[in-house]
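The block underneath contains the structure these notes are about, expressed in structure tokens.
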Amino acid sequence: MKKVFFIAALIVSSLTINAQTRSLFNFKNFDGWHIDVPALDNNPNGKNPFIIRNGLLVSLADPQGHIITDSVYENYRLEVEYRFAAKPGNCGVILHASTPRVLYAMFPKSIEAQLMHKNAGDFWCIGEDISVPDMEKRRGPKKNWGSVDGKERRIVNLTDNSEKPVGEWNTMRVECLGDQIKVWVNGDLVNHGFNCTVSKGQIALQAEGSEVEFRKVDFTPITQLSN
């Protein structure tokens, strides 16, 4: 009998966790998001680099900018499925975004989880900061560290070859809890940062460098990090 109750409890727990997972994007329109593209400031009828095509959210890369959630989030798991549809290039998932356009008059204050081909999972510090083990090995000399232009803002990921070939779908899973951020690419743990200077903010996707398709942007509240 105890075994039956234990199994039932596990099922209920699993259903509760899954029920909390929801898509932040409905893949029909931009409800819940807004677009920040500097090139459109003086040309509001210009090309929008974010479109919905065949049920996918597509970042067309140019003009550069971000699609940003209206809401602020903390303590969550974000699972994004993406692919470079034609040629490899650059893009990113922006975490804990706040003040817009603090870097190069485009990037919001945030921590970026890089999607750039062959560099997926790098951290980029944009007005915020984060620490990892082996900092000098992965970021360069300490005297050069910083989160503004001219400083060492990139923290190299832990793995090579975690990404799939161009045209195939990749999964990035990010977990943000308190002052920690963990990133997996296709199941490989590729980064784990701590002492982050920010613990909540908006979530954004970039238009930067190459066309990228997204077919999943799933959000789950969490109370602990995965191993």
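Because the structure is a prediction, the values reported are computed rather than measured. Computed from heavy atoms alone, side chains included, the values below leave out hydrogens, waters and symmetry copies.
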Is it true that a side-chain atom of [X] and a backbone atom of [Y] form a donor plus acceptor pair closer than 3.5 Å?
{"X": "Asn75", "Y": "Ile222", "answer": "no"}
{"X": "Ser59", "Y": "Gln206", "answer": "yes"}
{"X": "Trp33", "Y": "Leu24", "answer": "yes"}
{"X": "Asp36", "Y": "His66", "answer": "no"}
{"X": "Asn157", "Y": "Ala120", "answer": "yes"}
{"X": "Gln202", "Y": "Thr69", "answer": "yes"}

Salt bridge (charged side-chain N to carboxylate O under 4.0 Å, His left out): which pairs involve residues 23-35, sequence neighbours left out?
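Sorted pair list comes back empty.
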[X] [atom1]: over 12 foreign heavy atoms closer than 6.0 Å:
{"X": "Asn195", "atom1": "CG", "value": "yes"}
{"X": "Glu168", "atom1": "CD", "value": "yes"}
{"X": "Asp70", "atom1": "CG", "value": "yes"}

Let me check something: do [X] and [Y] share a hydrophobic cluster, defined by ILVMFWY side-chain heavy atoms less than 4.5 Å apart, either directly or through other members?
{"X": "Ile203", "Y": "Ile181", "value": "yes"}
{"X": "Ile52", "Y": "Val80", "value": "yes"}
{"X": "Ile35", "Y": "Leu57", "value": "yes"}
{"X": "Trp184", "Y": "Tyr76", "value": "no"}
{"X": "Ile67", "Y": "Phe27", "value": "yes"}

4.5 Å side-chain heavy-atom contact, [X] and [Y]:
{"X": "Met135", "Y": "Lys142", "value": "no"}
{"X": "Met172", "Y": "Val183", "value": "yes"}
{"X": "Tyr82", "Y": "Thr171", "value": "no"}
{"X": "Met116", "Y": "Asp122", "value": "no"}
{"X": "Asn170", "Y": "Phe84", "value": "no"}
{"X": "Val58", "Y": "Leu60", "value": "yes"}
{"X": "Ser23", "Y": "Asp218", "value": "yes"}
{"X": "Arg77", "Y": "Pro221", "value": "no"}

Could you grab the distance from atom [atom1] of [X] to atom [atom2] of [Y], nearest 0.5 Å is fine?
{"X": "Leu205", "Y": "Ile68", "atom1": "CG", "atom2": "CD1", "result": "10.0 Å"}
{"X": "Leu177", "Y": "Thr223", "atom1": "CG", "atom2": "OG1", "result": "7.5 Å"}
{"X": "Lys109", "Y": "Ser147", "atom1": "NZ", "atom2": "OG", "result": "8.0 Å"}
{"X": "Thr220", "Y": "Arg22", "atom1": "OG1", "atom2": "CZ", "result": "9.5 Å"}
{"X": "Ile155", "Y": "Ile111", "atom1": "CD1", "atom2": "CD1", "result": "7.0 Å"}

Identified side-chain contact (heavy atoms from CB on, under 4.5 Å) partner of Lys182 from the options Val174, Leu225, Val190, Asn191
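With Lys182 as partner, Val174, Leu225, Val190, Asn191 yield a single side-chain contact (heavy atoms from CB on, under 4.5 Å), made by Leu225.
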Taking every non-hydrogen atom, the tightest pair across [X] and [Y]:
{"X": "Ser210", "Y": "Ala61", "result": "N-CB, 3.2 Å"}
{"X": "Phe25", "Y": "Asn29", "result": "CZ-O, 3.5 Å"}
{"X": "Pro63", "Y": "Ala39", "result": "CB-CB, 3.7 Å"}
{"X": "Val185", "Y": "Glu163", "result": "CG1-CG, 4.3 Å"}
{"X": "Arg138", "Y": "Pro133", "result": "NH1-O, 3.5 Å"}

Who passes salt bridge (Lys or Arg N to Asp or Glu O under 4.0 Å) against Arg53, sequence neighbours left out?
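Expected list: Glu211, Glu213.
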Checking Glu81 now: which residues fulfil salt bridge (Lys or Arg N to Asp or Glu O under 4.0 Å) with it, not counting sequence neighbours?
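If we apply the salt bridge (Lys or Arg N to Asp or Glu O under 4.0 Å) test to Glu81, skipping adjacent residues, the hits are Arg215, Lys216.
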Between Arg173 and Glu175, does at least one N-O distance fall below 4.0 Å, as a salt bridge requires?
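Looking at Glu175 together with Arg173, the answer is yes, because their closest N to O distance falls below 4.0 Å.
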Mind running ring-ring contact (aromatic ring centres under 6.0 Å, His included) on Tyr73 and Phe219 for me, showing each step along the way?
CA-CA 10 Å; Tyr73 299 98; Phe219 172 92; 4.8 Å; yes
Under 3.5 Å, which donor-acceptor pairs link side chains of residues 85-98 to any protein atom two or more places apart or in another chain?
from: Asn90; atom 1: ND2; to: Glu208; atom 2: OE1; distance (Å): 3.4
from: Asn90; atom 1: ND2; to: Glu208; atom 2: OE2; distance (Å): 3.4

All N/O donor-acceptor pairs, side-chain side in residues 123-131, below 3.5 Å, sequence neighbours left out:
from: Glu128; atom 1: OE1; to: Thr197; atom 2: OG1; distance (Å): 2.7
from: Asp129; atom 1: OD1; to: Arg139; atom 2: NH1; distance (Å): 2.9
from: Asp129; atom 1: OD1; to: Arg139; atom 2: NH2; distance (Å): 3.1

Residue pair Arg154, Asn119: steps toward the side-chain hydrogen bond (donor to acceptor under 3.5 Å, both in side chains) verdict
CA-CA 11 Å; Arg154 180 190 182 195; Asn119 295 283; 2.6 Å; yes
Pairs in or reaching into residues 41-50: which pass side chain to side chain donor-acceptor pair (under 3.5 Å), with residues at least two apart or in two chains?
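Qualifying pairs: Asp41-Arg101.
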